[in-house]
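The structure under discussion appears below in the form of structure tokens.
The sequence lines fix the lettering, A, B, ..., with proteins before strands; numbering per chain opens at 1.
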Amino acid sequence: MPKNFIEELQWRGMIHDMMPGTEEALNKQVSSGYIGFDPTADSLHVGSLVQIMILVHFQRAGHKPYALVGGATGMVGDPSGKSQERNLLDGETLDHNVVCVKKQLERFLDFNDGENGAEMVNNYDWFKGMSFLEFIRDVGKHISINYMMSKDSVKSRLETGMSFTEFSYQLVQGYDYYHLNKHKNCIIQLGGSDQWGNIVTGTELIRRKGGGEAYAVTTPLIKKSDGTKFGKTESGNVWLDANQTSAYKFYQFWINTSDDDAEKYIKIFTLKSREEIERLIDEHRESTYKRILQKALAEDITIRVHGEDALARAIEASAALFSKTIDGIKNLSSEDFLDVFEGVQQATVTKSDLSDGLGIIDALSSKTGFLSSNGEARRELKANAISVNKAKVKDDFLITETDLMNGKYVLLGKGKKTNFILIVE
RNA sequence: GGGGAGAUACUCAAGCGGCCAACGAGGACAGACUGUAAAUCUGUUGGUUUUACCUUCGCAGGUUCGAAUCCUGCUCUCCCCA
């Protein structure tokens, strides 16, 4: 008998909406359910983590999770939440993305052969052999245009226009649910709240085609407490792929969570028990300056996404970079240095650049690309934002050999949070 | 097809012959306060060899000593009438 999946999600604040009867159906027996992932990029980002965690909880509750990568739906383009027609990716890119996304999901779910082992499916497999005529006869016939037009994702686009391709998206995704319901016995589809319309089209299709029971649960859209979008930094999306977002940056992203958000996020993004989370929140409220929640959050997620070694390095790098003094960094051996600061932006200059002293403005922009222009370098210097080896400097500062750590490194900083390593060779 | 309105920096949005690298708001970055939080206050927000010069106000030309501002053509967007 499975544990109560819905109850678990409820206290974690992960449920936005669900169909009546969902909880009862899931408690009756071990069930199968799925979530679709969009292969629009070759990596998932922190936004997708919510969906991943839902699937993890589903499996932990004893159910069988299916992760669907949308090789077929990716070719069509979901209009939900989009104000403009999407550009279509070519097949090759899509294939590549599907493979990459698959690999990332494997880090989270247990793909064992047991009763509730996770499985990966690609909807391209059941769409590739289907003809257009077949589709409109067997699927299109069951859903009316009126029904499709009433969807928010469609309504909001009638003004600006949408192609027939995007309009048909909900049918294609709806058919996924039907297919998995019929062949894999999936009785629940999970997803973000923007997917509600698509999911319901699926349950409708199952019903009209005389299929079995089918339910739906959606998660709320995660927003930051200031109302802005979750999962973005000034340099763009926070990806799960270490090549696109280094483990250090990933760790830093979570560490920078605000107090309000941290209480929400720890429930959503970690698997810690209710007791443990309540204890952490209490401790955190008592002495907020220790940032207990942020640290717990960052550690838990970084370890799951990037592994223990990467986490250890991220913590070490953070400790060194955010300490008030340079000592912790100075004492690192030359080998450890680059290892620890792997994810920190860096650039190399030659020793001869330093022979007469390297002007700080050149060191910030033209020689390294740390800042985008000399003007910006001057501005930041004027604002007292630039530091060399943790010490604030003025615009006439010259970097010389005496500033080198381990004979070859200089640490540049802008503001409190942005660091840059200058390597001299 | 006929008529009208518009296109300005990351976004919104002023400016309608020189005082415009372009008001203001939002965003972003930085400083102070702190805890790498939030809120608040302050500064910055095209480039350079920085009291000056260069490039930028949809695109291409033109008028003028001088144009984001006037004229011509083009492209695109929106609205109204058919």
Side-chain angles (χ1 to χ4, degrees), chain A residues 83-85 157-161 222-238 245-266 269 280-299 301-302 311 313-326 328-329 340-341 343-345 358-367 369-388 390-397 411-420:
Chain A
S83 54
Q84 284 189 345
E85 179 88 14
R157 284 282 295 280
L158 286 178
E159 289 273 310
T160 52
I222 308 293
K223 274 200 286 194
K224 292 198 282 185
S225 51
D226 60 9
T228 57
K229 210 170 170 231
F230 164 79
K232 293 258 189 193
T233 64
E234 74 268 26
S235 43
N237 275 330
V238 178
T245 301
S246 68
Y248 166 76
K249 282 212 189 94
F250 187 82
Y251 177 82
Q252 281 293 323
F253 168 76
W254 294 103
I255 279 286
N256 270 300
T257 307
S258 70
D259 289 352
D260 288 347
D261 289 333
E263 292 192 15
K264 257 176 19 196
Y265 294 174
I266 193 129
F269 297 107
L280 283 170
I281 290 180
D282 283 346
E283 277 180 35
H284 179 259
R285 285 183 180 167
E286 237 169 74
S287 39
T288 49
Y289 66 93
K290 286 184 186 160
R291 285 177 297 141
I292 290 166
L293 280 177
Q294 282 89 340
K295 281 178 188 161
L297 186 65
E299 282 174 24
I301 305 171
T302 308
L311 170 66
R313 275 203 299 277
I315 292 178
E316 208 179 330
S318 301
L321 290 174
F322 286 94
S323 106
K324 298 268 180 280
T325 66
I326 193 71
I329 301 172
V340 166
F341 297 125
V344 180
Q345 256 192 299
L358 176 60
I360 186 67
I361 290 170
D362 288 338
L364 288 169
S365 63
S366 57
K367 284 282 181 193
F370 178 24
L371 304 180
S372 59
S373 70
N374 289 358
E376 193 185 345
R378 279 202 189 84
R379 274 200 297 277
E380 298 295 358
L381 281 160
K382 213 169 171 184
N384 198 27
I386 300 298
S387 63
V388 172
K390 290 272 166 203
K392 288 283 164 72
V393 298
K394 294 252 164 2
D395 60 359
D396 55 358
F397 187 83
L411 177 67
L412 302 176
K414 179 187 74 129
K416 271 186 280 201
K417 298 178 194 172
T418 318
N419 292 287
F420 192 92

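- Every residue meeting the side chain to side chain donor-acceptor pair (under 3.5 Å) condition with A:E376, not counting sequence neighbours, appears here in chain and number order: A:S372.
- A 4.5 Å side-chain heavy-atom check between A:I386 and A:F397 finds every atom pair outside the cut-off.
- Where RNA chain B pairs in unbroken runs of 3 or more (Watson-Crick or G-U, both distances under 3.5 Å), the stems are B:1-7 with B:75-81, B:10-12 with B:24-26, B:27-32 with B:40-45, B:46-48 with B:52-54, B:58-62 with B:70-74.
- Of the inter-residue distances, the one linking A:Q345 atom CD with A:Y248 atom OH reads 10.5 Å to the nearest 0.5 angstrom.
- Side-chain atoms of A:S323 come within 3.5 Å of backbone atoms of A:T325 as a donor-acceptor pair (strictly under, hydrogens ignored).
- With sequence neighbours left out, A:A363 forms a side chain to side chain contact (heavy atoms under 4.5 Å, CB included) with A:L358, A:I399.
- The gap from the C1' atom of B:U75 to that of B:G66 amounts to 28 Å, rounded to the nearest Å.
- For the C1' atom pair drawn from B:U36 and B:G31, the interatomic distance equals 16 Å after rounding to whole Å.
- For A:S366, the side chain to side chain contact (heavy atoms under 4.5 Å, CB included) partners at least two apart in sequence or on another chain are A:D362, A:N374.
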Inset, instruction - Would you give a per-nucleotide map of nucleotides 32-40 of chain B, 5' to 3', where B means the base has a protein non-hydrogen atom under 4.0 Å away, S means only the sugar-phosphate does, and - means neither? - result: -BBBBBS--
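- Only the C1' atoms considered, B:U72 is 31 Å distant from B:C12, to the nearest whole Å.
- A:K394 places its NZ atom 12 Å from the C1' atom of B:G31, with the value rounded to the nearest Å.
- Computed from coordinates, the A:D395 CG to B:U50 P distance equals 11 Å when rounded to whole Å.
- In this structure, the side chain to side chain contact (heavy atoms under 4.5 Å, CB included) partners of A:I281, at least two apart in sequence or on a different chain, are A:E263, A:K267, A:I277, A:R285, A:L293.
- At least one donor-acceptor pair under 3.5 Å links the side chain of A:T257 to the backbone N or O of A:W254.
- Checked by atom type and distance alone, the side chain of A:T288 never pairs as donor or acceptor with a backbone atom of A:H284 at under 3.5 Å.
- B:C23 and B:U8 are spaced 16 Å apart, taking the P atom of each and rounding to whole Å.
- In this structure A:K417 satisfies the side chain to side chain contact (heavy atoms under 4.5 Å, CB included) test together with A:N256, A:F322, sequence neighbours excluded.
- No donor-acceptor pair under 3.5 Å is formed between the side chain of A:S287 and the backbone N or O of A:K290.
- Distance noted for atom C1' between B:A22 and B:U77: 24 Å (whole Å).
- A search for salt bridge (Lys or Arg N to Asp or Glu O under 4.0 Å) contacts involving A:K295 returns nothing, not counting sequence neighbours.
- The stretch residues 252-261 of chain A participates, sequence neighbours left out, in these salt bridge (charged side-chain N to carboxylate O under 4.0 Å, His left out) pairs: A:D261-A:K264.
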Anything under 3.5 Å between a protein N or O and an N or O of nucleotides 44-47 of chain B, put it in a table, one pair a line.
from: B:U44; atom 1: O2'; to: A:R379; atom 2: NE; distance (Å): 3.4
from: B:G47; atom 1: OP1; to: A:S373; atom 2: OG; distance (Å): 3.1
from: B:G47; atom 1: OP2; to: A:R379; atom 2: NH1; distance (Å): 3.3

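- Using atom P as the reference point in both B:G27 and B:C33, the two lie 23 Å apart (nearest Å).
- Partners of A:Y265 by ring-ring contact (aromatic ring centres under 6.0 Å, His included), not counting sequence neighbours, listed by chain and number: A:F230, A:F269.
- The gap from the C1' atom of B:C65 to that of B:C10 amounts to 37 Å, rounded to the nearest Å.
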When you compare the protein's N or O atoms with those of nucleotides 51-54 of chain B, which come within less than 3.5 Å of each other, and at what distance?
none

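- Protein atom NZ of A:K414 is 4 Å distant from nucleotide atom P of B:A30, rounded to whole Å.
- Across B:C81 and B:A28, the matching P atoms stand 42 Å from one another, rounded to whole Å.
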